[in-house]
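Below is one structure, written out as structure tokens; comments come after it.
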Amino acid sequence: MGGSRVAAVLELRGVSKHYGRVVAVDAIDLRIAGGTYCCLLGPSGCGKTSTLRMIAGHETVTSGDIVFDGEPITDRPPGRRGTAMMFQSYALFPHLSVLDNVAFALKMRGIARERRRARAASLLELMAMEAYADRFPAQLSGGQQQRVALARALITEPRVLLLDEPLSALDPFLRVQMRVELKRLQRELGIAFIHVTHAQDEAMALADVIVVMNEGRIEQHGSPREVFNHPRTEFVARFIGGHNVVTVGGVRLAVRADRLRLCRLHAGGDACGRLTAIVTAVEYQGNVVHTDLRADDGTELVAVAADHLFDREPLEPGARVAVSWDDAGAHRLA
């Protein structure tokens, strides 16, 4: 698998999903190029999983079209879309060995036993799981089960792999390790991955394109750097994290937390910033210090500074400070 054969484009054209009177996805347009790692990012209930399931064919489209490689696939069954889905629960068959779990889809297609098992073995090798071929799912760790589920999804040679919160069941250390594995696998295969997550750090680490969703709509999409550095809306600035939202002269700005500068205010001294605030909490996090603040207008702020910079003029809860930033660290919101 890989490379030029799979450079097809997946398009969503005015796609909506209604559950009775509830609008889960509201007329979204999206274009995902072949070979792209795309993360659908947003809070619970924003429509990202419904979108993924419509692409997979596990949910019907209320209105709009899904087009793949120039052909409408809106009404095609899941097995005829060129996609495969890895479910959040992994959904491995407990009574089948690892090898037979991976080979199962080819068995259902009537592929001869030796041929399907040989293909399954090659995918287990790709996942560094060949030594576990004869084990059963209950004998595997969470990370090993995930690798088996990935191999099983890939055995039909999809051109788009759909992943529904694939890392949510893993512990934090393994989650970071598996992020590296997923990115490596996507690059080796050269196919599009569409990955649903609510974790901003996960999307930042993995995606070529992040699609931020809110209340069934796409708030913004673009590269991780573009979305982080230039959030279009207050929702994106707050959800992506790392930003404060402030009002200056009637203009709403997103200001990066690591670009805030704090200057202690002494009695009778002049303000040296754009806002004045009181420190509400200080949290040491190793190489950085997070300082929580409440501006005089009630706005909650966070400043992030390297520990050695914070230590030059440490602050404590209750301290009054002036808050400033360079224009380059702020972005006007729509």
Side-chain angles (χ1 to χ4, degrees), residues 6-88 153 158-166 186 191-198 200 202-203 206-224 226-228 230-240 333-334:
V6 290
V9 173
L10 178 72
E11 294 180 83
L12 278 64
R13 300 176 179 173
V15 170
S16 295
K17 177 63 183 178
H18 299 177
Y19 298 97
R21 295 184 178 180
V22 176
V23 180
V25 180
D26 189 6
I28 64 171
D29 296 300
L30 183 62
R31 188 177 188 274
I32 302 171
T36 298
Y37 203 123
C38 175
C39 282
L40 305 183
L41 174 66
S44 296
C46 72
K48 57 189 187 295
T49 296
S50 292
T51 298
L52 193 77
R53 290 178 62 82
M54 285 190 287
I55 294 170
H58 298 305
E59 292 281 0
T60 57
V61 173
T62 303
S63 60
D65 286 301
I66 301 174
V67 178
F68 186 45
D69 200 14
E71 296 183 12
I73 62 169
T74 313
D75 299 319
R76 288 188 188 177
R80 295 187 55 241
R81 291 182 171 228
T83 66
M85 187 161 178
M86 178 180 150
F87 296 94
Q88 185 175 358
R159 294 192 288 171
V160 178
L161 181 64
L162 309 171
L163 304 108
D164 183 14
E165 300 270 11
Q186 189 265 335
I191 66 175
F193 279 27
I194 305 176
H195 175 137
V196 159
T197 182
H198 62 271
Q200 299 90 326
E202 193 173 297
L206 285 167
D208 302 311
V209 174
I210 291 177
V211 179
V212 184
M213 296 189 68
N214 180 37
E215 297 183 343
R217 296 190 177 112
I218 294 174
E219 290 265 338
Q220 185 172 352
H221 66 88
S223 71
E226 179 184 349
V227 172
F228 183 82
H230 303 285
R232 289 182 189 164
T233 66
E234 182 172 338
F235 174 84
V236 175
R238 293 190 184 281
F239 189 80
I240 286 291
L333 298 172

So which pairs with a foot in residues 68-80 pass salt bridge (charged side-chain N to carboxylate O under 4.0 Å, His left out), sequence neighbours left out?
-> D69-R159, E71-R76
Residue pairs, two or more places apart or on separate chains, that pass side chain to side chain donor-acceptor pair (under 3.5 Å) and touch residues 25-39 = D26-R217, Y37-H195
So which heavy atom on I194 is nearest to which on L52, and how close?
-> O-CD1, 3.6 Å
Beyond-backbone contact of F239 with N214, side-chain heavy atoms, under 4.5 angstrom = no
Are V23 and T62 side-chain neighbours, meaning at least one heavy-atom pair lies under 4.5 Å?
-> no
Between SG on residue C38 and CG on residue L163, distance to nearest 0.5 Å = 11.0 Å
All side-chain hydrogen bond (donor to acceptor under 3.5 Å, both in side chains) counterparts of T60, not counting sequence neighbours | K17
Qualifying residues under ring pair (Phe, Tyr, Trp, His ring centres under 6.0 Å), relative to H18, sequence neighbours excluded = none
With a 4.5 Å limit on heavy-atom distance, are the side chains of R13 and V67 in contact?
-> yes
Flag, side chain of Q186 to backbone of L161, donor-acceptor distance under 3.5 Å | no
Stepwise, does the side-chain contact (heavy atoms from CB on, under 4.5 Å) test hold for V15 with I66?
-> CA-CA 7 Å; V15 170; I66 301 174; 4.1 Å; yes
For Y19 and S50, work out which heavy atoms get closest and say how close.
-> OH-OG, 3.2 Å
Could you give the distance from CE (M54) to CG (L12), rounded to the nearest 0.5 Å?
-> 7.0 Å
Decide side-chain contact (heavy atoms from CB on, under 4.5 Å) for L30 and T51; before the verdict, give the C-alpha distance in whole Å, the side-chain angles of both, and the deciding distance to 0.1 Å.
-> CA-CA 11 Å; L30 183 62; T51 298; 5.6 Å; no
List the atom of D164, the atom of M85, and the distance in Å for their closest heavy-atom pair.
-> CB-CE, 3.9 Å
What pair of heavy atoms forms the shortest contact from A27 to S16, and how long is it?
-> N-OG, 2.7 Å
Assess whether side-chain contact (heavy atoms from CB on, under 4.5 Å) is satisfied between I210 and F228, documenting all intermediate values.
-> CA-CA 10 Å; I210 291 177; F228 183 82; over 6 Å; no
Taking the side chain from K48 and the backbone from V212, do they hold a donor-acceptor pair closer than 3.5 Å?
-> no
With respect to F68, which candidate in V160, I55, I32, V9 satisfies the side chain to side chain contact (heavy atoms under 4.5 Å, CB included) definition?
-> V160
Residues at least two apart in sequence or cross-chain that pass ring pair (Phe, Tyr, Trp, His ring centres under 6.0 Å) with F87, listed by chain then number, are H58
Over all atoms of both residues, closest heavy-atom pair of P78 and G57 = CG-O, 3.6 Å
Considering residues, nucleotides and ligands other than E215, do more than 12 of their heavy atoms fall under 6.0 Å from its CD?
-> no
Do you know the tightest heavy-atom contact between C39 and L206?
-> SG-CB, 4.3 Å
About how many Å separate NE2 of H230 and CD of Q220, when rounded to the nearest 0.5 Å?
-> 9.5 Å
Only counting residues at least two apart or in another chain, list the ones meeting side-chain hydrogen bond (donor to acceptor under 3.5 Å, both in side chains) with E165.
-> H198
